[in-house]
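Written below as structure tokens is the structure these notes are about.
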Amino acid sequence: MDILYRSTRGDARQVKASEAILQGLAADGGLFVPERLPAFDKTLEEFAGMTYQETAYEVMKLLLTDFTEEELKACIANAYDDKFDTGEIAPLKEADGAYFLELFHGKTIAFKDMALSILPHLMVTAAKKNHVKNEIVILTATSGDTGKAALAGFADVPGTRILVFYPKDGVSRIQEKQMVTQKGQNVRVVGIHGNFDDAQSGVKRLFADQELAERMAQKGYQFSSANSINIGRLVPQIVYYVYAYAQLCRTGKLSFGEKMNVVVPTGNFGNILAAFYAKNMGLPIHKLICASNDNKVLYDFFATGTYDRNREFVLTNSPSMDILISSNLERLIYRIAGNDAGKNAALMQSLSGAGKYEITEEMRGALSDFYGNYATQQECAGKICALFKNTGYVMDTHTAVAAAVYDKYREETKDETKTVIASTASPYKFTRSVMAAIDSKYESMDDFALVDALSAISRVKIPAAIEEIRTVPVIHDIQCEIDQMKQTVEDFLHL
């Protein structure tokens, strides 16, 4: 039975999965959600015998129902191939009483590769299915990792162009170098003078600009998104939680049906929402542990029921989590509001206007699956150091937020359920912060000397993604003010 998608804000039209992927954002500004979450039609024992690619097909076929088996398997085969440096695609590493799900073995060494390796193939297939003649313009805001992963995925893909906005002083030096050296005839990267929320809000305004859309259509263009607001980003993320559970069962760490916890370092809420969807499709998950950094708007929301972005924006060394407007939370709010688009739209209007909203006690009661906490930069540095000294395992600054919050959860609840921690980026992406946490003697070294030092102490080979940016020239050096984003798009498309 086909799964159709509708907007979280009330547009009554139902669209197929391929149409939702192409549009990215609903016409009324809402996010596309499936009309229902189907149950897995394979047993946990069957999943335990599958490769990552086989798992991906069995999960994604349930939600992307207008893609044929041949189409979906082709997209999966093209996505999860030798661009990943391990055949497992998403291996688990045990350390300090938890299982680290390494989601950074793709081309750009961050978890965004897991979905952005397949999104271009889904999008091109969707365009053909829907007889789209326009060129697809991918417009994306990034807090550091989505940008590079999207650029790598869409570079020189026929029928597409991609424009990425990032906060000029809000990403790590290696993240920035990865983006501004991206090759491709169809790509452009622009640093804005503002933070990620400014970039994300600006992109949403451009999506909603009907006059711009009409001028683009006249020139043969239409927008779509590679951000986690696109359902084509969210669905592939469900896969790796199923695969992680299956790995634990296959190796005897879990018995079939036994519950596990999941800890996710959370910014835009997409990664943990995918785990929530997996749970609701039948994966035995106990607690969804939402880990925030110093920008603890989500922790405060889970603690009080009030979402309030009216606070200082803190630049941290886990920049992909430096977010005060967590877009994907809207999908959860819609669900706990009883799929009431009117109620959800009113809350989102309050967020847009007053900068905050408060959910009802009944809605708060529907959040019992979640636990929220946060970790400061100092706590994260301490955790990186302790984990390395105790086990030899090196994690990045975002994973450290999750690991530090997991310690707090375990101390507070005494819950010893086996736990998977989403490890969302390679430590090589944040060498300066990681190495400084391990020993202050590294603070005076330059970025690539730190890369070599990290390799020496971790005995982990330097990823190709880092080696290839050591000497490559900067290609994209454009910067703009927030109010110049529209003009930047017009210049890119020669409107």
Practice item. Please report the shortest heavy-atom distance between Asp300 and Arg311, naming the atom on each side. Key: OD2-NH1, 2.7 Å
Check your understanding: With distance as the sole test, does Thr419 use its side chain to make a donor-acceptor pair with the main-chain N or O of Thr417 at under 3.5 Å?
Key -> yes
Point to revise | Side-chain heavy-atom pair Ile21, Leu119 within 4.5 angstrom cut-off | key: yes
Review point. Can we say Arg432 and Asp446 salt-bridge, meaning some charged N sits less than 4.0 Å from an Asp/Glu carboxylate O?
Key: no
Point to revise | N/O donor-acceptor pair under 3.5 Å between Lys61 side chain and Leu72 backbone | key: no
**Study point:** Heavy-atom side-chain contact between Asn261 and Val420 under 4.5 Å
**Key:** no
Point to revise | Any donor-acceptor N or O pair under 3.5 Å, side chains Thr376, Asp294 | key: no
Check your understanding: Got a donor-acceptor contact below 3.5 angstrom from the Arg233 side chain to the Ala226 backbone?
Key -> yes
**Study point:** Test log, rule ring-ring contact (aromatic ring centres under 6.0 Å, His included), inputs His398 and Phe111
**Key:** CA-CA 11 Å; His398 301 75; Phe111 86 99; 8.9 Å; no
Check your understanding: Should the pair Lys414-Glu411 be classified as a salt bridge under the 4.0 Å nitrogen-to-oxygen rule?
Key -> yes
Practice item. Compare all side-chain heavy atoms of Pro34 with those of Leu37 and state whether any distance is below 4.5 angstrom. Key: yes
Point to revise | Worked verdict on Asp197 versus Arg309 for salt bridge (Lys or Arg N to Asp or Glu O under 4.0 Å) | key: CA-CA 10 Å; Asp197 286 337; Arg309 65 173 172 84; over 6 Å; no
Review point. Between Glu102 and Ser423, do the side chains contain an N or O donor and an N or O acceptor separated by less than 3.5 Å?
Key: no
Review point. Between Glu176 and Tyr166, is any side-chain donor less than 3.5 angstrom from a side-chain acceptor?
Key: yes
Check your understanding: Hey, mind stepping through Asn328 and Ser228 against side chain to side chain donor-acceptor pair (under 3.5 Å) and telling me if it holds?
Key -> CA-CA 7 Å; Asn328 269 290; Ser228 57; 2.8 Å; yes
**Study point:** Asp81 and Gln53 side chains, donor-acceptor separation under 3.5 Å
**Key:** no
Review point. Any side-chain heavy atom of Phe301 within less than 4.5 Å of one from Leu329?
Key: yes
**Study point:** Evaluation steps, salt bridge (Lys or Arg N to Asp or Glu O under 4.0 Å), between Lys279 and Asp369
**Key:** CA-CA 9 Å; Lys279 174 170 182 167; Asp369 289 341; 3.0 Å; yes
**Study point:** More than 12 heavy atoms from other groups under 6.0 Å of CD on Glu46
**Key:** yes
Check your understanding: Are Phe100 and Tyr393 close enough that their ring centers fall under 6.0 Å?
Key -> yes
Check your understanding: Is it the case that Gln479 and His193 place a side-chain donor and acceptor less than 3.5 Å from each other?
Key -> yes
Exercise for review: Pick out which of Tyr243, Tyr52, Tyr240 makes a ring-ring contact (aromatic ring centres under 6.0 Å, His included) with Tyr80.
Suggested key: Tyr52
Review point. Can Lys383 and Asp407 be counted as an ion pair, charged N to O under 4.0 angstrom?
Key: yes
Review point. Taking C-beta and beyond as the side chain, do Asn317 and Phe430 meet within less than 4.5 Å on heavy atoms?
Key: no
Review point. Looking at Tyr374, is Lys408 sitting on its ring face, NZ or CZ under 6.0 Å from the six-membered ring centre and within 45 degrees of the normal?
Key: yes
Check your understanding: Where do Ser255 and Glu258 land on the side chain to side chain donor-acceptor pair (under 3.5 Å) test, with the steps shown first?
Key -> CA-CA 5 Å; Ser255 56; Glu258 182 183 354; 3.2 Å; yes
Check your understanding: Are Gln377 and Asn293 close enough that a side-chain donor and a side-chain acceptor fall under 3.5 Å?
Key -> no
Point to revise | 4.5 Å side-chain heavy-atom contact, Gln237 and Asn271 | key: yes
Exercise for review: With side-chain contact (heavy atoms from CB on, under 4.5 Å) as the test, would you mind laying out the steps for Leu332 and Ile272 before giving the verdict?
Suggested key: CA-CA 10 Å; Leu332 179 64; Ile272 196 165; over 6 Å; no
Check your understanding: Stepwise, does the side chain to side chain donor-acceptor pair (under 3.5 Å) test hold for Gln200 with Asn227?
Key -> CA-CA 9 Å; Gln200 182 167 251; Asn227 277 81; 4.6 Å; no
Point to revise | Under 3.5 Å donor-acceptor, Arg364 side chain and Ala303 backbone | key: yes
Check your understanding: Judged by atom type as modelled, is there a donor-acceptor pair below 3.5 Å linking the side chain of Asn230 to the main-chain atoms of Gly232?
Key -> yes
Point to revise | Salt bridge present between Asp113 and Lys83 (N-O < 4.0 angstrom) | key: no
Point to revise | Asp308 side chain vs Lys356 backbone, donor-acceptor pair below 3.5 Å | key: no
Exercise for review: Output yes when a side-chain donor or acceptor of Lys148 lies under 3.5 Å from a complementary backbone atom of Gln178, and no otherwise.
Suggested key: yes
Exercise for review: Decide, yes or no, whether a salt bridge links Asp415 with Arg410 under the criterion of side-chain N to carboxylate O below 4.0 Å.
Suggested key: no
Exercise for review: For Asp452 and Ser455, test the side chains for any donor-to-acceptor distance below 3.5 angstrom and give the result as yes or no.
Suggested key: no
Check your understanding: Any chance the side chains of Lys112 and Thr424 put a donor and an acceptor closer than 3.5 Å?
Key -> no
Review point. Can Arg173 and Asp447 be counted as an ion pair, charged N to O under 4.0 angstrom?
Key: yes
Review point. Can you find a heavy atom in the side chain of Lys441 that is under 4.5 Å from one in the side chain of Met435?
Key: no
Practice item. Would you mind telling me which of Leu64, Leu283, Val235, Val239 makes a side chain to side chain contact (heavy atoms under 4.5 Å, CB included) with Val59? Key: Val239
Exercise for review: Evaluate the side-chain proximity of Thr142 to Met179: yes if any heavy-atom separation is below 4.5 Å, no if none is.
Suggested key: yes
Review point. Should the pair Asp145-Lys429 be classified as a salt bridge under the 4.0 Å nitrogen-to-oxygen rule?
Key: yes
